[in-house]
Amino acid sequence: MHTPTQTPTQSPIPLAAELRLPTNWLDYTLLGIYFVVVLGIGFAARRSVKTSLDFFLSGRSLPAWVTGLAFISANLAATEILGMAANSAQYGAYTVHWYWVGAIPAMVFLGLVMMPFYYGSKVRSVPEFLLLRFDKGAHLLSSILFAFAAILIAGVNLYALAIVVEALLGWPQWVAIVVAGFFVLAYITLGGLSSAIYNEVLQFFVILAALIPITVLSLKKVGGWDGLTDTLTKSHGDDFVTAWGGTGIGEANPLGANWLTIVLGLGFVLSFGYWTTNFAEVQRALSAKNLSAAQRTPLIAAFPKIFIVFLVMIPGLAAAALIPGFGTEESGYQYNDAIPYLMEGLLPNGVLGIAVTGLLAAFMAGMAANVSSFNTVFTTDIWQKYVVKDREDEYYVRFGRLITAIGVLASIGTAFLASSFSNIMSYLQTLFSFFNVPMFVVFIVGMFWKRASMKSGFWGLLAGTTAAMINYFVFYKQDVISIPSDQGANFVSAIAGFVAGAVVMVAVSLFTAPKPTEELQGLVYGTRSPGMAEPPAPGDEAWYRKPALLGWGAVVLAAVCYIPFSF
């Protein structure tokens with residue numbers, strides 16, 4: 001048993017061999033039906049792809065409820081299922097911070113503040129906005145960094161899928177990787193973003209159908225919420241089942257972070273960096289049929305996000321309660337085993353098939369979101385802008401399909417980089433601190449400060465990325481400074497990247513020329529563009545169509561949810 005002040009370390013090991021699931025023909029039939037439906041959606045969506053806008057942004061034609069569910073489903077990947085359950089088994093109830101502090105406010109900010117700039121400027125990607133606001137240097141660097149990060153994150157999902165399928169079903173890792181990669185490649189290549197989004201809507205409900213039985217049965221297994229908290233308090237200490245316990249500055253807690261690093265590092269820098277600039281998410285909102293629908297996309301997604309935390313946190317806590325020392329080598333399990341362990345022990349056949357299908361759906365949704373955003377950025381922001389210019393539209397559709405295949409192959413190559421992290425959530429948060437946070441500081445300074453010069457975007461992005469990497473690989477990994485955990489190091493890296501990027505942007509702006517005021521219309525807060533002045537869609541007076549009401553409603557509801565975990 002470790003004390004609340006300690007975070008156990010463990011070498012990366014595959015999922016425990018004893019987690020092999022007793023699957024039968026019924027489970028495999030359900031799995032087969034799902035794959036057939038996935039490909040069917042791809043073939044159906046193919047008929048709507050006539051232009052590059054159709055392929056990369058669904059022709060900007062989708063309703064808000066579709067893009068909203070796709071928005072949240074794109075995030076329901078390895079991060080959400082294995083990663084957050086592992087996070088809960090390792091750090092306890094602090095996991096709620098990744099949702100109620102580290103997601104909801106940023107999603108609301110994206111809908112209310114940033115989407116009018118994105119959608120109103122008619123950009124096809126997040127890096128393209130930097131081209132309009134700054135210059136080609138900022139645009140090209142952000143495009144390259146995002147494309148690289150997208151492939152790394154897609155590889156996380158493939159790796160997680162492979163180790164789960166190998167342990168649970170007995171398939172070799174390479175078989176799982178090839179099968180999942182093939183289906184993602186097939187439906188994105190066929191139907192472009194529309195195929196990915198409609199599959200993500202399906203995957204949202206399949207994932208819920210998988211997580212709900214696991215959560216209910218695991219809670220029953222440990223004797224309900226009271227039994228769960230009593231067991232964990234005895235084995236891990238009081239702070240393990242609270243949200244803010246032990247987070248005072250100078251105090252020790254399982255997470256290894258105080259309230260200041262949680263609020264600033266996770267709640268502001270990492271959170272806003274991910275939700276407002278990660279094109280894998282923003283792309284779903286950009287495919288909406290009008291500005292009102294684009295704004296409602298992240299706000300609609302915020303409501304299920306509030307409650308999904310319980311579906312991933314409770315299984316992780318239950319695993320920690322059921323197996324003494326869960327996550328250490330002595331226990332025979334690592335933190336990523338939490339969900340598979342409960343599946344193996346609690347679910348009957350049929351329900352087991354739904355759960356396996358849900359896991360596969362989650363990994364495929366996460367991979368598809370990153371691959372579809374990668375093909376858009378690489379084609380429109382790198383290839384079309386700097387390599388092969390002014391070709392016919394059909395050429396870029398064909399190239400988009402080709403680069404999709406290349407992206408899937410590259411994801412297979414990066415899948416095993418994730419194997420060095422036994423908690424894949426730590427790996428993902430590390431990537432976000434490197435790539436998303438520096439892009440966020442460039443966006444936020446550029447959007448709210450007219451004086452930010454054209455050159456400041458490039459140097460701010462470069463400085464932020466470099467500072468985050470130096471903090472993680474030099475200061476933390478080489479023990480130059482003492483940080484109790486990987487997650488704590490990620491929070492500090494995010495803050496370092498944000499501060500460095502902002503300082504460099506201000507310094508460079510003071511010595512270089514600003515962009516002409518007439519070129520900033522619709523790109524800086526307080527200015528408007530014709531695209532932002534479009535009339536509201538019919539029925540926008542309804543309460544559920546009002547972005548501000550939806551957004552602040554989500555914030556208030558998330559705040560209320562904190563009450564049971566604050567004592």
Side-chain angles (χ1 to χ4, degrees), residues 4-9 79-80 83-84 86-88 90-106 109 149 153 239-240 242-278 309 313 335 421-441 444 463-503 562 565:
T5 62
Q6 298 172 314
T7 300
T9 58
T79 308
E80 205 80 5
M84 283 302 182
N87 217 49
S88 302
Q90 183 172 2
Y91 302 121
Y94 294 101
T95 297
V96 298
H97 295 312
W98 271 265
Y99 293 75
W100 300 336
V101 168
I104 306 302
F109 184 82
I153 296 171
D239 292 341
F240 199 77
T242 67
W244 295 105
T247 60
I249 296 177
E251 295 185 45
N253 61 72
L255 185 59
N258 58 51
W259 68 267
L260 185 62
T261 54
I262 291 172
V263 173
L264 293 182
L266 175 62
F268 177 59
V269 182
L270 272 173
S271 171
F272 279 67
Y274 175 80
W275 290 103
T276 65
T277 66
N278 181 21
V309 60
M313 182 181 71
Y335 295 116
F421 286 78
S422 65
N423 182 337
I424 56 178
M425 184 62 197
S426 295
Y427 176 59
L428 288 166
Q429 293 289 317
T430 302
L431 294 180
F432 296 153
S433 69
F434 291 169
F435 300 112
N436 291 99
V437 169
M439 192 175 295
F440 170 65
V441 69
I444 209 70
T465 302
T466 303
M469 289 184 173
I470 288 175
N471 178 77
Y472 189 84
F473 290 116
V474 178
F475 293 152
Y476 171 59
K477 286 297 186 181
Q478 303 303 317
D479 291 326
V480 176
I481 59 176
S482 178
I483 303 176
S485 68
D486 285 346
Q487 290 289 22
N490 291 333
F491 298 164
V492 176
S493 295
I495 295 172
F498 184 89
V499 172
V503 169
Y562 255 122
F565 297 97

Which distance, rounded to the nearest 0.5 Å, do you find between the CD of Gln90 and the CZ of Phe240? 8.5 Å
Taken to the nearest 0.5 Å, the spacing of Asn278 CG from Tyr274 OH works out to 5.0 Å
Sequence neighbours excluded, the answer for side chain to side chain contact (heavy atoms under 4.5 Å, CB included) partners of Leu431 is Leu152, Ile153, Tyr427, Phe435
Applying side chain to side chain contact (heavy atoms under 4.5 Å, CB included), can you list everything that pairs with Ala93, at least two apart in sequence or on another chain? Met313, Phe565
Leu264 side, atom CG; Ile495 side, atom CD1 - distance, nearest 0.5 Å: 5.5 Å
Give the minimum heavy-atom separation between Gly248 and Trp259, together with the two atoms involved. CA-CD1, 4.0 Å
With heavy-atom distances below 4.5 Å as the criterion, would you say the side chains of Ile481 and Asn471 are in contact? yes
Closer than 3.5 angstrom, by distance alone: can the side chain of His97 be matched with the main-chain N or O of Ala243 as a donor-acceptor pair? yes
All heavy atoms of Gly464 vs all of Pro438, minimum pair found to be C-CG, 3.5 Å
For Trp100 and Pro105 the tightest heavy-atom approach is O-CD, 3.6 Å
In terms of ring plane angle, is the pair Phe272 and Phe440 parallel, tilted or perpendicular, where the classes change at 30° and 60°? tilted
Hey, could you give me the CZ/CD1 distance between Phe498 and Ile444, rounded to the nearest 0.5 Å? 7.0 Å
Check step by step if side-chain contact (heavy atoms from CB on, under 4.5 Å) holds for Ile104 and Tyr99. CA-CA 6 Å; Ile104 306 302; Tyr99 293 75; 5.5 Å; no
Leu260 and Asn258: which non-hydrogen atoms are nearest, and at how many Å? N-OD1, 2.9 Å
Minimum heavy-atom distance Thr430-Asn490, with the two atoms named: OG1-OD1, 2.9 Å
Would you compute the distance between atom OG1 of Thr276 and atom CE of Met439 and round it to the nearest 0.5 angstrom? 10.0 Å
Let me know which of Thr465, Thr277, Val269 forms a side chain to side chain contact (heavy atoms under 4.5 Å, CB included) with Val437. Val269
Contact summary for Ser433 and Ala494, nearest pair of heavy atoms: CB-N, 4.0 Å
Parallel, tilted or perpendicular: which one describes the rings of Phe473 and Phe434, with boundaries at 30° and 60°? tilted
Decide yes or no for Phe268 and Val263: does some side-chain heavy atom of the first lie under 4.5 Å from some side-chain heavy atom of the second? no
Let's go through Tyr476 and Val492 carefully: what are the C-alpha distance in whole Å and the side-chain angles of both, what is the deciding distance for side-chain contact (heavy atoms from CB on, under 4.5 Å) to 0.1 Å, and is it a yes or a no? CA-CA 9 Å; Tyr476 171 59; Val492 176; over 6 Å; no
Can Tyr94 and Thr247 be said to form a side-chain contact (heavy atoms from CB on, under 4.5 Å), step by step? CA-CA 10 Å; Tyr94 294 101; Thr247 60; 3.7 Å; yes
